[in-house]
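Data first, discussion second: the structure below is written as C-alpha cells.
Worth knowing before you read on, the calculation uses all heavy atoms, side chains too, and leaves out hydrogens, waters and symmetry mates. Since we're looking at a predicted model, the values are computed, not measured. One-based numbering along the sequence shown.
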Amino acid sequence: MTVPHHALEIILTRPLTANALGRAARALPLAADHDATRLTALVQAKTAHRAVRRLRHQVGSQLPIDVITTHYPDTDHKVLLNVAFGPAVHAVLTAGARCARQTPERFVELALHRALAEHADQEIAHLDHAVGELLTHTTPAYLLSTVGHALTRLSERPTS
C-alpha cells in the first residue's frame, strides 16, 4: 500500500536565518519563499491531519510556526488549518465552545466561516459603492470596456 504525500505550507511568525532553515531542513526537506517566512514541505502520512502532526513533531521545536495549512484543498474543497494556541487563548476558546455546546475545533471553524463571510459581504459592498461612484462619471458600456481592458493587461503581466 502506498502512503500519500501531503503538501503542507508553514507560515512563520518571523523570518528564518539561513542557519535555522538549514537545521530544520536536516529533519525534513523544506522549500522557503524569498524572505523565509513561508515554507513548504512534503510529508508522507495516511491523512492530512497525521501529516500536520508529524510535521509539528519533526520541526515544531526548531521553527517559529504560526500556522500550518494543507497546500491543496481536499476532495471537499477544504484546506486544513492548524494553529497552535497558547494556554490562555485555548482556555477562552474552550469556554466559548462549551457555552455553544461545540468542540473547540468546530467552534473555531464556524467563527472563521462567519468572519470570512462577513469579509466577503464587506468587499462586495465596497465594490458596489465604488462601481456606483464610477457610473456617475461614465456609461456602463465605457466602464465595462475599461474593466475588460484592465483585466486583459493584468493577465498579460508576468508573474514572479
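Take Arg53 and apply the salt bridge (Lys or Arg N to Asp or Glu O under 4.0 Å) test, not counting sequence neighbours, and it matches no residue. Remark: Arg54 pairs with no residue by the side chain to side chain donor-acceptor pair (under 3.5 Å) rule, at least two apart or across chains. For Glu133, there are no side chain to side chain donor-acceptor pair (under 3.5 Å) partners two or more places apart in sequence or in a different chain. For the side chain to side chain contact (heavy atoms under 4.5 Å, CB included) test, no residue two or more places apart in sequence or in another chain qualifies with Thr146. Scanning for side chain to side chain donor-acceptor pair (under 3.5 Å) contacts around Asp35 gives Thr37, with sequence neighbours left out. Not counting sequence neighbours, Leu144 has no partner by the side chain to side chain contact (heavy atoms under 4.5 Å, CB included) test.
Between Leu42 and Pro29, every side-chain heavy-atom pair lies at or beyond the 4.5 Å cut-off.
Hydrophobic clustering, defined by side-chain heavy atoms of Ile, Leu, Val, Met, Phe, Trp and Tyr closer than 4.5 Å, groups Leu28 together with Leu8, Ile10, Leu12, Leu16, Leu21, Leu30, Leu39, Val43, Val52, Leu55, Val59, Leu63, Ile65, Ile68, Leu80. In this structure, Tyr142 shares a hydrophobic cluster with no other residue, the cluster being traced through Ile, Leu, Val, Met, Phe, Trp and Tyr side chains under 4.5 angstrom apart.
In this structure, His6 contributes its side chain and Gln44 its backbone to no donor-acceptor pair below 3.5 Å. Thr13 places a side-chain N or O within donor-acceptor distance of the main-chain N or O of Pro64, the cut-off being under 3.5 Å. Asp76 contributes no side-chain N or O that, together with a main-chain N or O of Lys78, makes up a donor-acceptor pair within less than 3.5 Å.
Sequence neighbours left out, not one pair with a member in residues 84-105 passes salt bridge (charged side-chain N to carboxylate O under 4.0 Å, His left out). Evaluation of the salt bridge (charged side-chain N to carboxylate O under 4.0 Å, His left out) test over residues 4-18, restricted to residues two or more places apart or in two chains, returns Glu9-Arg38. Within the structure, salt bridge (charged side-chain N to carboxylate O under 4.0 Å, His left out) pairs that include any residue of residues 22-34 do not occur (at least two apart or interchain).
With a 6.0 Å radius and a threshold of 12 heavy atoms from other residues, nucleotides or ligands, His90 has its NE2 atom at or below the threshold.
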Determine all donor-acceptor pairs shorter than 3.5 Å in which one atom belongs to a side chain in residues 107-130; sequence neighbours excluded.
unit_1	atom_1	unit_2	atom_2	d
Glu109	OE1	Arg106	NH1	3.3
Glu118	OE2	Gln122	NE2	3.3

